[in-house]
Protein chains: 2
Amino acid sequence: MLCVALPASAQQPAAKASSSELIAASKPSDWRAMDAENALYLDLPHGRVVIELAPAFAPKHVDNIKALVREKYFDGLFVIRSHDNYVAQWGDPDEKNSRAVKQAKTKLAPEFSVKFKDPKDMPPFARLPDADGYAPEVGHSNGFPSARDPKTGEAWLTHCYGMVGVGRGNEDDSGSGMSLYAVTGHAPRHLDRNITLVGRVVHGIQHLSALPRGSAALGFYDKPEQRVPIKSARIVADVPAADRTNIEIIRTDTPLFASLVESLRNRPGPWFKRPAGHIELCNVNIATRVAPAAGK
Amino acid sequence: MLCVALPASAQQPAAKASSSELIAASKPSDWRAMDAENALYLDLPHGRVVIELAPAFAPKHVDNIKALVREKYFDGLFVIRSHDNYVAQWGDPDEKNSRAVKQAKTKLAPEFSVKFKDPKDMPPFARLPDADGYAPEVGHSNGFPSARDPKTGEAWLTHCYGMVGVGRGNEDDSGSGMSLYAVTGHAPRHLDRNITLVGRVVHGIQHLSALPRGSAALGFYDKPEQRVPIKSARIVADVPAADRTNIEIIRTDTPLFASLVESLRNRPGPWFKRPAGHIELCNVNIATRVAPAAGK
């Protein structure tokens with residue numbers, strides 16, 4: 001990107017309301033539920049991680065992950081890696097002799113981006129006006145941080161905190177969803193379009209981000225007893241209503257969301273003395289809340 | 001910043017060597033020791049956190065923190081906050097009845113930036129050519145991520161992962177160093193020039209970043225037993241040689257460092273398929289290594 005600095009005098013006015021004030025004043029229509037068919041629970045001994053999947057960006061990988069979850073591939077496997085300021089990763093610790101797969105595929109063509117002949121077919125996009133160094137356009141697509149290149153018709157998910165991707169080897173078709181990672185550090189945006197992203201942790205990220213770091217290379221746990229067992233992975237649609245964590249996510253296609261972004265771009269006082277005049281894609285918090293479980 | 005996207009065809013060539021290959025080929029002169037008078041150890045029950053201070057950017061706060069450390073202000077206090085994707089913070093859990101201070105000051109004028117009439121007096125700066133949304137110029141100053149505005153003569157440290165700052169209340173002179181935080185999540189750059197940064201965790205960040213998250217508002221620990229006691233804080237110059245952790249930090253004013261940055265901007269294969277053509281300030285890793293202790 002070629003950039004021209006604004007004059008130093010162009011300090012922005014602060015937003016009128018803070019993001020917490022805006023959230024407090026939100027209406028039910030500012031929130032949405034997840035599609036239970038495209039969301040999963042990763043239940044760890046210390047808590048539940050809720051992941052929303054993004055079939056619009058990685059349809060084949062999402063299908064395969066759902067097949068793996070439904071054949072209980074992950075149950076009894078482990079979080080095998082906690083790499084400080086980077087990722088937590090889960091799957092089979094013994095990749096070379098990994099657990100047998102039944103219906104799911106073990107290799108998939110990459111879905112680093114999706115491409116559309118007609119821009120009108122591209123996923124919905126609330127574009128940020130703010131500059132980004134890694135992509136021509138960035139913004140949110142139904143709650144997922146993402147980028148677009150209108151010249152090529154490509155759209156892709158971006159490696160912000162909490163995003164979930166598919167581990168792979170050197171071959172670009174060597175991933176399948178049998179090994180997954182979540183970003184637990186500063187956004188490694190250089191991974192964008194180099195590896196397939198499939199969704200986002202929308203609740204319980206601390207059960208992955210606060211794990212002890214692995215001391216082997218790349219943050220892998222070098223002793224089997226350090227690995228964190230996966231009690232179960234389940235597609236939300238398969239979980240009885242009483243056992244669900246009813247997540248609601250702020251909609252990103254509303255006037256409220258535009259106001260929230262502005263409140264983060266130019267934070268109001270009294271604590272803030274100098275509005276930033278800018279918001280970086282991965283600094284946009286996508287608010288979530290937990291509704292009471294059905295019948296409770 | 002007003003930015004113009006480069007043509008989509010302008011994909012960059014990959015660097016010739018990876019950063020780990022470049023580090024492996026480094027010479028002793030590519031590394032530097034810390035100034036023992038401007039570095040401190042925060043010894044926690046589970047390990048040592050090493051912080052390098054930046055007197056060029058916050059001279060009065062650095063002096064005051066050294067005074068606090070030397071009068072053992074922090075010994076026996078606690079890490080009181082672990083806010084997921086944001087900060088860990090340490091100090092006195094009871095701010096209103098806080099431990100008495102002897103020589104150090106309890107309030108200081110802010111040092112959100114330093115200002116120079118003559119640009120030649122500004123701290124050294126290895127500028128990144130890459131665009132940044134938050135500042136006219138970004139780069140590294142003796143290992144610290146920082147920014148400059150050549151029009152106003154200001155320079156300031158930036159809130160990248162691991163940076164250490166001075167907690168304050170709503171008044172901009174309400175901080176003193178009695179409460180400190182380290183960034184443990186995606187860079188909260190909107191804090192830049194709103195709060196005084198004083199240094200960077202150069203070793204042992206995992207002893208802060210992997211702490212269990214606090215469940216009270218803003219990630220504070222709500223039960224006293226959750227707090228992590230500080231065994232001691234010491235200025236490195238006051239620590240016997242045999243007890244020191246001899247950190248060496250990659251120099252940021254060398255041809256090697258420029259090559260390292262390029263290797264991160266356009267990562268070589270075989271794993272990487274698409275060089276990013278960009279490096280964001282807080283994605284530049286500043287390599288450190290631990291030399292054997294004296295006499296060992």
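Just so it is clear: chains get the letters A, B, ... in the order the sequence lines come, proteins before strands, and each one is counted from 1.
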Pairs of heavy atoms under 4.5 Å with chain B: top-ranked of Ala187(A), Gly185(A), Cys160(A), Gly169(A):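 Heavy-atom pair counts peak at Ala187(A).
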
Taking every heavy-atom pair that is under 4.5 Å apart, which of Ala276(A), Gly162(A), Cys282(A) has the most such pairs with chain B?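 Ranked by contacts with chain B, first place is Cys282(A).
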
Check whether Asn283(A) gets within reach of chain B through its side chain, its backbone, both or neither, counting any heavy atom under 4.5 Å.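 Both the backbone and the side chain of Asn283(A) come within 4.5 Å of chain B.
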
Return the minimal non-hydrogen interatomic distance between Pro212(A) and Ala210(B), and the atom names on each side.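 The answer is CA-CB, 4.5 Å.
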
Report which part of [X] has an atom under 4.5 Å of a heavy atom belonging to chain A: side chain, backbone, both, or neither.
X         : value
Arg267(B) : side chain
Arg168(B) : both
Asp172(B) : both

Does the plane of the ring in His190(A) sit parallel, tilted or perpendicular to the ring in Phe272(B)? Use 30° and 60° as the thresholds.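 If you compare the ring of His190(A) with that of Phe272(B), the planes turn out tilted.
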
Would you say the side chain of Asn85(B) lies within less than 4.5 Å of the side chain of Ile205(A), judging by non-hydrogen atoms?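 Ile205(A) does not reach Asn85(B) side chain to side chain.
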
Tell me, do His186(B) and Glu280(A) make a side-chain contact under 4.5 Å, heavy atoms counted?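 Yes, their side chains come closer than 4.5 Å.
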
Separation of Ser82(B) OG from Gln206(A) CD (nearest 0.5 Å):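 The CD atom of Gln206(A) sits 10.0 Å away from the OG atom of Ser82(B).
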
Distance in Å, Lys273(A) NZ paired with Phe112(B) CZ, rounded so as to fall on 0.5 Å steps: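 Here the rounded value is 7.0 Å.
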
Chain A interface, residue from Leu264(B), Ile195(B), Thr184(B) that has the most non-hydrogen pairs under 4.5 Å: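 Ranked by contacts with chain A, first place is Ile195(B).
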
